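Treat the numbers as computed from the prediction; the structure is a model and nothing was measured. Every chain is numbered from 1 and lettered A, B, ... according to where its sequence line falls, protein lines coming before strand lines.
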Amino acid sequence: MAIRRGRGVAAINYPTGMNLGGDPTQALVHSTPTGNFMVTLSSVDLGQGMKQIMAQICAETIGVPTDRVVVDTADTDTGPHCMGTFASRGTHRAGNAVIQAAKEARQVMLEVAAEELEVNASDLETDGQGNILVKGAPQKSISIFDVALSAHFKRGRSISGRGMFLIPRSYPEKETGAMKPSTCYAHACTVAEVEVDDETGEVTVLTVKNVFEIGRALNPKMVEQQLVGGSWMGISHALYETTEPYYPNRDHGGTDFNQYLMPGPGDLAETEIIVLERPSADGPYGAKGPGEMCANPQIPAVANAVFDAVGVRIDTLPITPERILRALKAQAAN
Amino acid sequence: MAKVPVQFTLNGSEKAEFIDSGTTLLNALRDKVGDTSPKGGCHQGTCGACSVIIDGELRLSCLTLAETCNGTAITTTSGLAEGGVLQPLQRAFLDTFATQCGFCTPGMIMAAKVLLDHTPNPSRDEVVEALSGNICRCTGYEPIIQAVLTAARANSQNAA
């Protein structure tokens, strides 16, 4: 009986969004009289940072600082339609819709500025600081604040735009079953090191080293948060989380997260995150969806590490001490 | 049901309320006094999101009856900043991006404050121990641990 060490590796690719009856999200953008911009969505920010990312995308497209953008989310009675924030689709689908809406609003903004400056709208550019300048003659400029005032009170224009992004439904080919479930994939690879006590079946995760390829990281710090937390949730899937022994009979089952075990701060393993950025062709500024993907490769990596350590293949999650001991017993019997 | 008077100090200011007997301190703070910085996560003392400091000790406001707090001094996360200036602990949470969805953050900060009040230069293990009663569903423990260690370093530099 001994503590045995093992190392496992796994790689995955993971689709951004899903493809059931088509996968749309719509967005509306409009300016206030003082040149702030409002993004209206039905998409939900449940803590993943959607509001921040949509503000960045709208600001980048229109050419204003991010703090000039307000994002209103999650009223499905009044907002433009969104399929929802799931399937790692929020940034990709809503972001593309926001870009389209912001482009239309930007065009109206430039047209009003062109009338004020008595130039052609195609000769104008934004400085990202809230001003519109004539290309090559930046001394001729107008603030977006003044453009919005003009649009509202003088020109009778609505600086606004409509955006929609749709991944159309993909039907399988009748002969082969081939279809295109997604247009955009994120990728990841994980190496996990574990110690397995072959007397108690307990697994201790020593290190988790992850490489994630997630397109463009629109907000690198928030991406890092998502990936660090997700990596540890992957370990949690592999070793701890289960609705057993209740499922499928729920009579005496847990009713909330208190009875659904997840690791705490004392269970952390040394975790390394490396981000590779390969901008996606159809993502907003090259983004993909890192949300769910980042909690996946740790699971097969841990299963492989357990196999490397004690020579048994556990193919049911979570990899509990009981399952390891039963497998070791079966192995010894053979 | 008869109302019960309760008086305590919240973040330095006197509070007096009439509450229903049996009201938890969490509900009294949030619904009566209007301080929503303690969060109601599990309402049964396992998640730590409702943590407050009562007379210098870390307590779960969801398991504390408000009427037992008469005459105490209560500190919540909303009372830490002075004149809009964040305390080093709050600043460290910001600087190390130690919040993700943010729901557990006030409880984490309360737990960390009590630790640093008693142990100004904690080891990593001591930080982990101090935070072990607080659940982060985003599993972002590592940046939170780093935030507490960063705040401890900032405090010791200020003291030196």
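Heavy-atom distances place no part of B:Glu129 under 4.5 Å from chain A, backbone and side chain included. For chain B, no part of A:Gln48 is nearby; none of its heavy atoms comes within less than 4.5 Å.
Nearest heavy-atom pair across B:Cys101 and A:Gly47 is CB-CA, 3.4 Å.
Counting only heavy atoms from C-beta outward, the side chains of B:Glu142 and A:Ile273 never approach each other to under 4.5 Å. The side-chain heavy atoms of A:Ile235 and B:Thr139, taken from C-beta on, include no pair separated by under 4.5 Å.
Distance check: A:Met233 CE to B:Cys138 SG gives 6.0 Å after rounding to the nearest 0.5 Å.
The greatest number of non-hydrogen atom pairs below 4.5 Å with chain B, out of A:Val228, A:Leu268, A:Thr271, A:Asp45, is found for A:Leu268. Contact tally against chain A (heavy-atom pairs below 4.5 Å) for B:Cys47, B:Cys42, B:Pro143, B:Cys136: the top residue is B:Cys42. Each of A:Gly49, A:Gly229, A:Pro265 has some count of heavy-atom pairs under 4.5 Å with chain B, and the biggest count is that of A:Pro265.
In the displayed structure, A:Glu202 atom CD is contacted under 6.0 Å by at most 12 heavy atoms of other residues, nucleotides or ligands. Dense packing is recorded around CZ of B:Arg30, with more than 12 heavy atoms of other residues, nucleotides or ligands lying under 6.0 Å away. Residue-environment remark: CZ (A:Arg68) exceeds the threshold of 12 foreign heavy atoms within 6.0 Å. Atom CD of A:Glu270 sits in a sparse spot, with 12 or fewer heavy atoms from other residues, nucleotides or ligands closer than 6.0 Å.
Between the side chain of A:Gln225 and the backbone N or O of B:Thr99 there is at least one donor-acceptor pair closer than 3.5 Å.
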